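Here's the structure we're looking at; comments come further down.
Nothing here was measured: the structure is a model prediction, and the numbers come from that model.
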Amino acid sequence: MKKMPLYAAGFAVLLSIIAIYFAKSSSELVYVDVNKLITGYSKTKVAKAEFDKKASLMKANVDSLISNWQNELKNYEKERTSLSPKELKLKQELLSNKQQQINGYQEAIQKKIQEEDKKVTQTVINDINDYIKEYGKDHNYKIIFGASGGGNIMYADESTDLTEEVLKGLNAEYDEK
């Protein structure tokens, strides 16, 4: 019975050490809001502006082809009555073939625009991931979670949110380049 206070004291010290360990460990678990990083990153804005410019140019080319085809169709409608059956059939085939070519080109352009968008987005995400990896190493974090609004982090104390701090550093690094 005389050793009971000694065991209790030892147990209390052990609990304190465990509590300190878990308190320290939990402070090493932090997160960033991925959507805020992507939208707030300066490179995203620059890359999006360049992408929008390219996409607009590609769409303008398609619109120009469609406009030319529509003008040819209007001319065909005007000339239709004066054409022979053979000429009429030939003109219809030409217009139909041209429409199919335009449709194919339009689909190819849409696919190219989607691929370009994906490529630009992936470049931005890779930059953010690389920065976060270095940031985590430099600040001795064991894990940095990425919250994206999809439910992967349902709750976290605001003190564990590094988004603004990471965003400032990310933009500062980008501005230096």
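D175 and S42 get closest at one heavy-atom pair: OD1-OG, 4.1 Å. What you find for N171 and G40 is that their closest heavy atoms are ND2-O, 3.1 Å.
With a 6.0 Å radius and a threshold of 12 heavy atoms from other residues, nucleotides or ligands, K45 has its NZ atom above the threshold. Heavy-atom contacts from other residues, nucleotides or ligands closer than 6.0 Å to NZ of K36 number 12 or fewer.
Put simply, the side chain of T121 gets close to the backbone of D117: a donor and an acceptor are under 3.5 Å apart. A donor-acceptor contact shorter than 3.5 Å links the side chain of T44 to the backbone of I38.
Considering L37, L167, V30 as possible partners of L162, the one that fulfils the side-chain contact (heavy atoms from CB on, under 4.5 Å) test is V30.
V124 and F51 are members of different hydrophobic clusters when ILVMFWY side chains are connected at heavy-atom separations under 4.5 Å. Note on I125: it clusters hydrophobically with V46, by side-chain heavy-atom contacts below 4.5 Å among ILVMFWY residues.
For the residue pair E79 / S82, no side-chain donor-acceptor distance below 3.5 Å is found, with atom types taken as modelled. A donor-acceptor contact under 3.5 angstrom links the side chains of N126 and Q122, judged on distance only.
Using a 4.0 Å cut-off between charged side-chain N and carboxylate O, K48 and D52 make a salt bridge. Electrostatic pairing of K74 and E77 does not count as a salt bridge here, judged by no charged N lying under 4.0 Å from a carboxylate O.
A heavy-atom distance below 4.5 Å is not found between the side chains of K91 and E87.
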